[in-house]
Amino acid sequence: MKKFPTRHKELRNWVNKMSRLCQPDQIVWIDGSHSQKEILEKEALESGELIPLDQQKLPGCFLHRTAIDDVARTEHLTFICTKRKREAGPTNNWMSPQLAYRKAKAIFKGAMRSRTMYVIPFSMGPVGSPFSKIGVELTDSRYVVLNMLIMARVGETVLQQLEKESTFTKCLHSKAGLNINKRLILHFPEDNTIWSVGSGYGGNVLLGKKCLSLRIASYLARREHWLAEHMLIMGIEEPNGHIEYLAVAFPSACGKTNLAMLIPPEGLKVKGYRIWTVGDDIAWMRVDSDGSLWAVNPETGFFGVAPGTNSKTNPSMVETIKKNTIYTNVLLKPDGTVWWEGADGEIPSSGIDWQGRVWKPGTADSDGKPILGAHPNARFTVPITNCPTASFRLEQHHGVPISAIVFGGRRQHLAPLVYESFNWQHGVFVGASMASELTAAQVGKIGQVRRDPMAMIPFCGYNMAYYFRHWLEMGRRMVKPPKIFHVNWFKTDEKGKFLWPGFTENLRVLEWILERAHNKVGALKSPIGYIPQPSDIDMTGLDLSMAAMEKLFSIDNKEWLEELKGIKNFFKQFKKDLPEELWQEYEQLAARLKSHD
Ligand code: GTP
Ligand code: SPV
Ligand code: MN
């Protein structure tokens, strides 16, 4: 037995066993210290895993480039490996644990030869909070270690906590050959284990994030009666100092990061609102002793989309990423700073693009498509504490109380700017029947509409029919469940132009949501839910034509009747497992739409 800094037997045995499989040259335990981080940064610069940036202009910042076929989550290579296929359900890729372990072992075998195996003890959620879960990730990537140091609580304090708690998620990662044909992202919820091999891209390899905090956590949450969701958490402070918190689920690259830290628009400034960012991607929520829903963000960093980030769309993030940031797949400018499409300032006259090639603006590939400086899914990793709007309650063990839940998607047509569900059960139906256009955050056909219930289709670690049942059940556990809303910032006109200005202006919609949450304002009843009386959305300082407002709130019965077909087909695949309540809601929506026709 080697000398390890823990008495935790299961952990020691497992590290030994995995190192026999992967055969690293050495094992290094990550202690969370600044000095160890600096050594890793230095080594990563030497090995080329990190590319230096101007430390005067961007202190503590580095650049990283992934392989060109390793730039987004690969959902087709992501599996839920349960003994029975039914447990994974029809929307997940499934593999038997036996086969999955066998296939992956063949790739892991000797994969860390001449490399170091890093052992990263991490806590998702404040160390010791009743919300939190501990994981240990083994990896041969310094990039992963440096990212995990930003995204999670890492090091000795976690090891000490683990000795008290005993259970942890076993997370094994190796870059192996970074070969897409030998890439597997495997989840074994029944073994509390994650194996990821052959990738170096964030969502595939920062195993505390999507793999643990959503896929494994959602599985645990069902058994332990809580919710693990793909949601931002934000606080809206009123001038009297009272703060209301919202939990908002949008699919990948559909606006969570931007909404979570918005700055109130000019026209609403007099109202004195202030936004507090609790999280931008993941919410863990539980019913507390007061019978209401409380949420924590299990992460400590943002892994955000770079393209489109600028002082207009997201001034808080522009401030946030000026220091201690790892940039991935952005353009390197000759002055040692970075750029991406939709960044502030002028388009640089040259640079090195995300693929490491010399880049000039206005160039096109052989198909005539413009060559981008940054990949559309280029990202930055940065500590939340850098953010000027970071909540002062990030470390609170009980999190924040949630006043409203908001679902949303990217829909050019159909869904109005905002609507409210009639009650919890209808709200669960609204979430379960959500759909959105695909973005660059996953490998696949961008723009195609797919059903993405609760923005969790890529992240639910078990059968989604059981997940819907769990949501219905959670409603019954609360004294007064939060109201559930749906928003769509992405409705377009005939020319394909966004009808709603979005970003900062979205606060106008959130204001209505909060008023409704506290029954302070009336609403119009439509077949799909309650919608605002147009005069109830404060439009001070925003010049939007009546025609645009009408389109934003119009509900086209024909389109919705068409949508019903998609919902029905989606629900049908769950067969008898789908909760009867969702079919009831479906029938009631159909009846309301038909009687309005
Ligand atoms: P993940 O990190 O992938 O989970 O995504 P996210 O939901 O945090 O997405 P993010 O906030 O980074 O949004 C990315 C994209 O949405 C960018 O292209 C933004 O420009 C666009 N976006 C965000 N908010 C709005 C909005 O209000 N209106 C419009 N039109 N686009 C928006
Ligand atoms: C997403 O794709 O929803 C992300 C980025 O938040 S990743 O961590 O890569 O999944
Ligand atoms: Mn996400």
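As the structure lists them, so they are numbered: ligands from 1, and atoms in each ligand from 1.
Judged by the 6.0 Å distance and 45° axis criteria, K551 is not positioned over the aromatic ring of F553. Relative to the six-membered ring of F250, K256 misses at least one condition, a distance below 6.0 Å or an angle of at most 45° to the axis.
Nearest protein heavy-atom contact of atom 13 (O) of ligand 1 is G255 N, 3.1 Å. Scanning the protein heavy atoms around atom 4 (C) of ligand 2, the nearest turns out to be K210 NZ, 2.9 Å. The nearest heavy-atom contact from the protein to atom 7 (S) of ligand 2 is G203 CA, 3.6 Å. Regarding atom 10 (O) of ligand 2, its nearest protein heavy-atom neighbour is R73 NE, 2.8 Å. Scanning all protein heavy atoms for the shortest distance to atom 4 (O) of ligand 1 gives K256 NZ, 2.7 Å. Nearest non-hydrogen protein atom to atom 18 (O) of ligand 1 is R410 NH2, 4.3 Å. Atom 8 (O) of ligand 1 has as its closest protein heavy atom T257 OG1, 2.7 Å. Ranking protein heavy atoms by distance to atom 17 (C) of ligand 1, first place goes to P307 O, 4.4 Å. Looking only at heavy atoms of the protein, atom 9 (O) of ligand 2 is closest to Y201 OH, 2.6 Å.
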Practice item. List the steps and the verdict of side chain to side chain donor-acceptor pair (under 3.5 Å) for W276 and E237. Key: CA-CA 7 Å; W276 296 102; E237 183 175 335; 2.6 Å; yes
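Near R379, meaning under 4.0 Å from any of its heavy atoms, are these atoms of ligand 1: 1 (P), 2 (O), 3 (O). Close approach of ligand 2 to S252 is summarised as follows: ligand atoms under 4.0 Å from at least one heavy atom of the residue are 1 (C), 2 (O), 3 (O). In summary, the atoms of ligand 1 found under 4.0 Å from a heavy atom of N258, numbered by their order in the structure, are 10 (P), 11 (O), 12 (O), 13 (O), 23 (C), 24 (N). Using a 4.0 Å cut-off to heavy atoms of V305, the atoms of ligand 1 that qualify are 12 (O). Atoms of ligand 2 lying under 4.0 Å from at least one heavy atom of D281, given by number and element, are 6 (O). Under a 4.0 Å criterion applied to the non-hydrogen atoms of H230, ligand 1 contributes the atoms 4 (O). Taking every non-hydrogen atom of A441 and a distance limit under 4.0 Å, the qualifying atoms of ligand 2 come out as 2 (O). Here is the list of ligand 2 atoms found below 4.0 Å of a heavy atom in H230: 3 (O).
Residue contacts with ligand 1, taken as heavy atom pairs separated by less than 4.0 Å, involve D281 solely via side-chain atoms from C-beta onward. Contacts of Q442 with ligand 2, taken as heavy-atom pairs under 4.0 Å, are absent altogether. Neither the backbone nor the side chain of R73 comes within 4.0 Å of ligand 1, counting heavy atoms alone. At a heavy-atom distance under 4.0 Å, no atom of L232 approaches ligand 1. Contacts with ligand 1 closer than 4.0 Å are made by heavy atoms of both the backbone and the side chain of S252. Counting heavy atoms under 4.0 Å from ligand 2, residue F459 touches it through the side chain alone. Heavy atoms of F498 found under 4.0 angstrom from ligand 1 belong exclusively to the side chain. Residue contacts with ligand 1, taken as heavy atom pairs separated by less than 4.0 Å, do not involve K491 at all. Looking at P251 against ligand 1, only its backbone comes within 4.0 Å, counting heavy atoms. The part of F490 lying near ligand 1 is the side chain, judged by heavy-atom distances below 4.0 Å.
Side-chain polar atoms of T78 and N93 form no donor-acceptor pair below 3.5 angstrom. Between the side chains of T328 and Y143, at least one donor N or O lies within less than 3.5 Å of an accepting N or O.
The distance criterion of under 3.5 Å between nitrogen or oxygen atoms is not met by K209 with respect to ligand 2. Residue contacts with ligand 2: F303 is placed with no nitrogen or oxygen under 3.5 Å of a nitrogen or oxygen of the ligand (distance criterion only).
The NZ atom of K210 and the OD1 atom of D281 subtend an angle of 110° at the Mn ion (ligand 3), given to the nearest 10 degrees.
For E505, the heavy-atom gap to ligand 1 stays at 4.0 angstrom or more. Using a 4.0 Å heavy-atom cutoff, R379 is listed among the residues neighbouring ligand 2. Proximity of G502 to ligand 1 is established by a heavy-atom distance of less than 4.0 Å.
Without hydrogens or angle criteria, W284 side chain to S213 main chain gives a donor-acceptor distance under 3.5 Å. Side-chain N or O atoms of N314 include none that pairs as donor or acceptor with a backbone N or O of T309 at under 3.5 Å.
Heavy atoms of other residues, nucleotides or ligands lying less than 6.0 angstrom from CG of D543 number 12 at most. More than 12 heavy atoms of other shown residues, nucleotides or ligands fall within 6.0 angstrom of atom CD1 in I446. Other residues, nucleotides and ligands contribute more than 12 heavy atoms inside 6.0 Å of the NZ atom of K271.
Using a 4.5 Å heavy-atom threshold, the side chains of S391 and I243 count as separate. You'll find the side chain of P532 stays beyond 4.5 Å of the side chain of R516, heavy atoms only.
Across every non-hydrogen atom of P453 and A432, the tightest pair is CB-O, 3.5 Å. N92 approaches G461 most closely through the heavy-atom pair ND2-C, 4.4 Å. Taking all atoms of both residues into account, the shortest heavy-atom contact from P189 to I80 is CG-CG2, 4.2 Å. Heavy atoms only, all atoms of each residue included: L63 and L332 are closest at CD2-CB, 3.8 Å.
Across the listed options A455, A253, G342, A260, A253 owns the non-hydrogen atom lying nearest to atom 15 (C) of ligand 1. The nearest non-hydrogen atom to atom 22 (N) of ligand 1, considering only W489, F503, F302, F303, comes from F503.
The N, O or S atom of H230 with the smallest distance to the Mn ion (ligand 3) is NE2.
Coordination check, F303 versus the Mn ion (ligand 3): failed, since every N/O/S atom of the residue sits at 2.8 Å or beyond.
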